[in-house]
Amino acid sequence: MTDFIREIVEEDLRNGTHKTVVTRFPPEPNGYLHIGHAKSICLNFGVAIEYGGHCNLRFDDTNPEKEEAEYARAIVDDVHWLGFDWGGEPLHASDYFDQLYAWAEHLINAGLAYVDSLSADEIRAHRGTLTEPGKESPYRNRSVEENLDLFRRMRDGALEDGAAVLRAKIDMASPNINLRDPVLYRIKHEDHHRTGGKWCIYPMYDYAHPLSDAIEGITHSLCTLEFEDHRPLYDWLIENVPVPWRPRQYEFARLNLNYTVMSKRKLLRLVTEGHVRGWDDPRMPTIAALRRRGYTPASIRNFAERVGVAKRENVIDVSLLEFSLREDLNLTAPRVMGVLRPLRVVIENFPEGESEEFESPNNPEDASMGTRKVPFSRVVYIERDDFMEDPPKKFFRLAPGREVRLRSAYFVTCTNTIKDDAGNIVELRATYDPATRGGDAPDGRRPKATLHWVSAEHAIDAEVRLYDRLFNVEDPEEGGDFLAHLNPHSLEVIEHAKLEPSVANAPRASRYQFERLGYFCVDRDSSAERLVFNRTATLKDTWAKVSGAAGS
RNA sequence: UGGGGAGUCGCCAAGUGGUAAGGCAGCGGCCUUUGGAGCCGCCAUUCGGAGGUUCGAAUCCUCCCUCCCCAGCCA
C-alpha cells in the first residue's frame, strides 16, 4: 500500500533527509475517539511501524476547560485496543509547559511577540475580514521590558481571564488570517487535569503543537486538511524559536462516513441529550462503541487501509466498514444457532421425552475450529420468518407440505399449522425423516432450504439487541438539524431469544456467528443470570433483498 | 470579491506524456447442510469544462466552472 504521505516519507529516507521516521497521534482529551481518529491512528502508527520508526501518543491538553482525565484514559485504552503501542507512558503537551513558556519569553525578547490588552471583541474587530486587512493593535509596539513584565504578571495570576493575551507579531495585513498576529497564550484561571493549579496561562494549539513536535523530534507531523493554512504559522514558529529539531507538517483528508455524524460536538450532544446510552452505545461511531458492538481491531485496521489516504474530501460508504468486519469475522467467529423470534415446531413422529445430539461444525471455513454437540428433541424453535403459510414464488423456506433441512439435524416436513383465536400461527406440526440424520438423505434429495433451529427443552434464554443505523439519511448534517434524522428504530431489543446451550457460559465480548442471522457479541451488560448479546452485523440475506425490493 | 486546498465509475482510489489498476456497492451466473461464505463474469472509448502543445495528454500550457477550509482568547 502506498499514498502520498508514505511517498514523502520514503523519499526523505532515501535521500537522507531523515534516517528514521517519528510521527505522533495528538488527540485532545475532550471526548472519545471515533472511527475518523482510527484512520489517523492507523496512518501515524502504521507509517512508523512500516518504516521502522516510532509514533508517540501525545495528548494535546492545552485547554483545561474542556479536558478530562477520564477521556485521556479512554483514549489510551482505545489506541491499545486497536493494536498499537508507543512504549511507555503517553506524552502530554502539558509536559512542555515550562519550555513553551521560556520560548515565549524568547519571542518577546526577539521583538516577535507582545502582550495585547485589547479585549476579545476588540481583537476580533481589528482582525479584518477575509477581503480586508486587519488593523494593528495600539499595544503592538510595547517595549520588550513592558511585554516581559506584563507576560510575567499574566503568568503570576495578576490579571483576570481575558485581560490580556500574548500575540505573535507577524503581519496584520496578511491574506492568511492565521498570520494576523495570532494569539499564543491566553489567561485561564482554571486547574489543569495534570498540572493542577500551577498555571493560569495556557498556550494555544497553534503555538504548542509545532513546538511540541520539535521537542519530540517528530519528522512528519500529520494532520487534517483544515490545518493546511496554519502551516505558515507552524513554520514561522519553528523558524523563530530556538528549537532542537525542525518538524514538518503534512495534511490529509479526514474520514467521513455516511449515515452518521463525526464531530465531537454532535457526538457529545447525542450522549448528553440521551439519544444514545453513552459514548460506547453500540450505535455510536466511537471506537469504544464499535468495540462494544463486536467489531475487531483487525477489521478496523483493514478498513482504514482500504479507505486510503489522500487530500480529497471523502464520504466513505458504511458498507465498506461492514465488509471489513464480515471478512474478518467470517474466518474467526464460531458458528452457533440462535432463534430471535421463535415459532414452536412439534415433530409429531419424534418420540416424546427423548433427545439426541448432533455434531455441528464450529466454522465451515476452518475445520481446525472443530465441532460441537447440539441437542435435538421433539419440540424445536425455528425463526418465524422462516415459515410462510402462503409462500410467494421465490420463498424457499418452510411452508405447509414443504420439506426443509434443519441444519445438522433432519429433514422435516410441515404437516399442519396451529392458530390462536385471532388467526395467528402459534405453532407448527411436522414430521421428520429419520433416514436424513445429520442432514443428508440416502436417496439424494435436497431441500431448497436449510433452517437454523434450537431444541425447546435445551434452549437458553437471552436478550439480543439489534442495531440499525443511527440516522436514516446518508448525510445527517443536511438541513441543519441532524437530530431530525435520528432513526427511531436504531435499537430493537429482543427479550427472549432462544439460543443453543453451548453459548451458556460465553464470556463478555466473545463473538459468534448465529447462523443465517449475523454476527453477535456478548455485551458487557451480560451476566450469568442473563445473557445479553449485541448484533454486530447482519449476514447478507438474499430473500430480504428480494422481498424488500418487491414489497416497496 | 483575499488566502489555502480539491475535482478520475454510485462511494473510495491508483495513475506522474504512451493509450483508464484495485476495493466497496450494484447486476448476472456457478456452487452451497448458513438464500452466509466461495468462485466466475459484467460494471469509465473516458478522467469538471473549453481551447492549445504533442505522433500521442487524465497526466504539459491557457482560460473557465464547481466544491471544501480560514475572520475562537477551540483543537
Side-chain angles (χ1 to χ4, degrees), chain A residues 2-3 26-28 30 60 62-63 65-67 116 118-120 123-125 127-134 161-167 174-180 182-188 201-202 204-206 208-209 223-232 251 253 255 258 264-265 303 305-324 326-327 330-331 335 337 360-361 363-365 394-397 405-409 411 436 438-440 446-452 474 513-518 538-546:
Chain A
T2 195
D3 51 65
E28 180 185 16
N30 69 343
D60 232 318
T62 57
N63 185 355
E65 279 172 3
K66 296 184 178 174
E67 297 153 7
D116 195 346
L118 250 26
S119 71
I123 286 180
R124 188 178 312 117
R127 191 149 31 222
T129 68
L130 295 178
T131 52
E132 304 158 37
D161 285 13
V165 291
L166 182 73
R167 291 231 255 172
S174 173
N176 180 343
I177 291 179
N178 297 112
L179 261 21
R180 318 240 261 231
V183 172
L184 267 21
Y185 268 90
R186 74 292 216 190
I187 302 168
K188 279 182 194 290
I201 57 171
Y202 293 93
M204 297 286 288
Y205 165 88
D206 278 326
H209 206 87
C223 65
T224 43
L225 254 28
E226 66 270 28
F227 294 102
E228 209 150 17
D229 38 49
H230 291 238
R231 191 179 346 122
E251 310 85 14
L255 169 74
N258 57 12
K264 281 191 196 171
R265 199 196 112 252
F303 169 71
E305 186 168 326
R306 271 191 261 258
V307 146
V309 179
K311 298 194 72 152
R312 194 181 310 164
E313 299 285 350
N314 59 81
V315 181
I316 307 297
D317 199 317
V318 270
S319 68
L320 184 61
L321 213 212
E322 290 168 352
F323 168 83
S324 300
R326 292 191 185 105
E327 170 189 57
N330 178 44
L331 265 25
R335 271 59 169 173
M337 289 193 285
S360 196
N363 189 339
E365 307 289 320
K394 290 181 177 167
F395 185 86
F396 303 139
R397 282 114 90 146
R405 172 167 42 225
L406 294 183
R407 164 122 245 228
S408 300
F411 291 2
T436 59
D440 280 307
R446 288 141 75 117
K448 297 269 274 184
T450 298
L451 309 187
H452 59 279
E474 275 200 45
Q513 183 196 95
F514 290 2
E515 288 204 50
R516 302 208 308 136
L517 295 178
T538 60
L539 246 29
K540 290 190 186 153
D541 180 345
T542 308
W543 166 247
K545 199 161 66 181
V546 169

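The chains referred to below are lettered A, B, ... by the order of the sequence lines, with proteins before strands, and numbering in each begins at 1.
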Practice task
Remember a base hit wins even if backbone is also touched, and classify A:Ala310 as base, sugar-phosphate or nothing at under 4.0 Å, heavy atoms.
Solution key: sugar-phosphate
Problem - Sugar-phosphate only, base, or nothing, as touched by A:Lys188 at under 4.0 Å among non-hydrogen atoms - result: sugar-phosphate
Exercise for the section: For B:rA14, take OP1 and OP2 only and decide whether either is under 4.0 Å from a side-chain N or O of A:Thr2. Expected result: no
Practice task
Could you tell me whether a side-chain N or O of A:Asn314 sits under 3.5 Å from a main-chain N or O of A:Arg312, the two making a donor and an acceptor?
Solution key: yes
Problem - Base B:rG3 paired with A:Asp229 side chain (donor-acceptor, <3.5 Å) - result: yes
Practice task
Could you check whether A:Asn330 gets within reach of a base, just the sugar-phosphate, or nothing at all, counting any heavy atom under 4.0 Å?
Solution key: base
Exercise for the section: Would you mind pulling out the nucleotide paired to B:rG22, Watson-Crick or G-U wobble, both distances under 3.5 Å? Expected result: B:rC12
Problem - Separation between the C1' atoms of B:rC74 and B:rA37, rounded to whole Å - result: 48 Å
Completion exercise
To the nearest angstrom, the CZ-P distance between A:Arg407 and B:rU34 comes to 5 Å
Problem - Pairwise C1' distance, B:rC30 and B:rU46 [rounded to whole Å] - result: 32 Å
Practice task
Please tell me which of the listed nucleotides, B:rG36, B:rG5, B:rC73, lies nearest to the side chain of A:Leu225?
Solution key: B:rG5
Handout entry: Atom-pair distance (CG on A:Asp60; P on B:rA75), nearest Å
Key = 8 Å
Handout entry: OP1 or OP2 of B:rA13 under 4.0 Å from side-chain N/O of A:Arg312
Key = yes
Practice task
Quote, to the nearest angstrom, the P distance that separates B:rC55 from B:rC69.
Solution key: 44 Å
Handout entry: A:Glu28 bridged to A:Lys66 by N-O distance under 4.0 Å
Key = no
Exercise for the section: Give a yes or no answer on whether the side chain of A:Arg180 reaches the backbone of A:Arg127 with a donor-acceptor pair at less than 3.5 Å. Expected result: yes
Completion exercise
Mate of B:rC73 across any strand shown (Watson-Crick or G-U wobble, both atom pairs under 3.5 Å) is none
Practice task
Please report, rounded to the nearest Å, how far the C1' atom of B:rU34 is from the CH2 atom of A:Trp543.
Solution key: 18 Å
Handout entry: P atoms of B:rG41 and B:rG23, separation to the nearest Å
Key = 11 Å
Handout entry: Short side-chain donor-acceptor distance under 3.5 Å, A:Ser174 and A:Asn176
Key = no
Exercise for the section: Look at the side chain of A:Arg335 against the base of B:rU34 and say whether a donor-acceptor pair falls under 3.5 Å; ignore hydrogens and angles. Expected result: yes
Completion exercise
To the nearest angstrom, the CG-P distance between A:Asn178 and B:rG3 comes to 15 Å
Exercise for the section: Just call it for A:His230: base, sugar-phosphate, or nothing, with non-hydrogen atoms closer than 4.0 Å on any strand. Expected result: base
Practice task
Measure the acute angle between the ring planes of A:Tyr205 and A:His230, then classify it against the limits of 30° and 60° as parallel, tilted or perpendicular.
Solution key: perpendicular
Exercise for the section: Identify the nucleotide, in any strand shown, that forms a Watson-Crick or G-U wobble pair with B:rA58, with both distances under 3.5 Å; if there is none, say none. Expected result: none
Handout entry: Pairwise P distance for B:rU59 and B:rG7, with rounding to whole Å
Key = 13 Å
Handout entry: Value in whole Å for how far the P atom of B:rG35 lies from CZ of A:Phe396
Key = 10 Å
Exercise for the section: Using the P atoms only, state how far B:rC63 lies from B:rG4, rounded to an integer number of Å. Expected result: 15 Å
Completion exercise
Whether each nucleotide of nucleotides 23-32 of chain B has a protein heavy atom under 4.0 Å at its base (B), only at its sugar-phosphate (S) or at neither (-) is summarised, 5' to 3', as SSS-S----S
Handout entry: B:rC9 and B:rG48, which share atom name P, separated by this distance in whole Å
Key = 8 Å
Handout entry: A:Arg186 vs B:rA75: side-chain N/O to OP1/OP2 distance below 4.0 Å
Key = yes
Practice task
Let me know the distance between CD of A:Glu515 and P of B:rG36, rounded to the nearest Å.
Solution key: 13 Å
Practice task
Name the nucleic acid region contacted by A:Ile201, choosing base, sugar-phosphate or nothing; use a 4.0 angstrom heavy-atom cut-off, strictly under.
Solution key: nothing
Completion exercise
As its Watson-Crick or G-U partner within any shown strand, both distances under 3.5 Å, B:rC39 has B:rG29
Exercise for the section: Answer with yes or no whether A:Glu228 presents, from its side chain, a donor or acceptor under 3.5 Å of a partner atom in the base of B:rG3. Expected result: no
Problem - Whole-angstrom distance between B:rC70 and B:rG49, as gauged at atom C1' - result: 28 Å
Problem - B:rG72 OP1/OP2 closer than 4.0 Å to side-chain N/O of A:Arg127 - result: yes
Fill in the blank from the handout: Taking every heavy atom of A:Lys311 against every heavy atom of A:Ala253, the minimum-distance pair comes out as C-CB, 3.9 Å
Practice task
Report which part of the nucleic acid A:Phe395 touches: base, sugar-phosphate, or nothing (heavy-atom distance under 4.0 Å, all strands).
Solution key: base
Handout entry: Identity of whatever pairs with B:rA6 - Watson-Crick or G-U, under 3.5 angstrom
Key = B:rU66
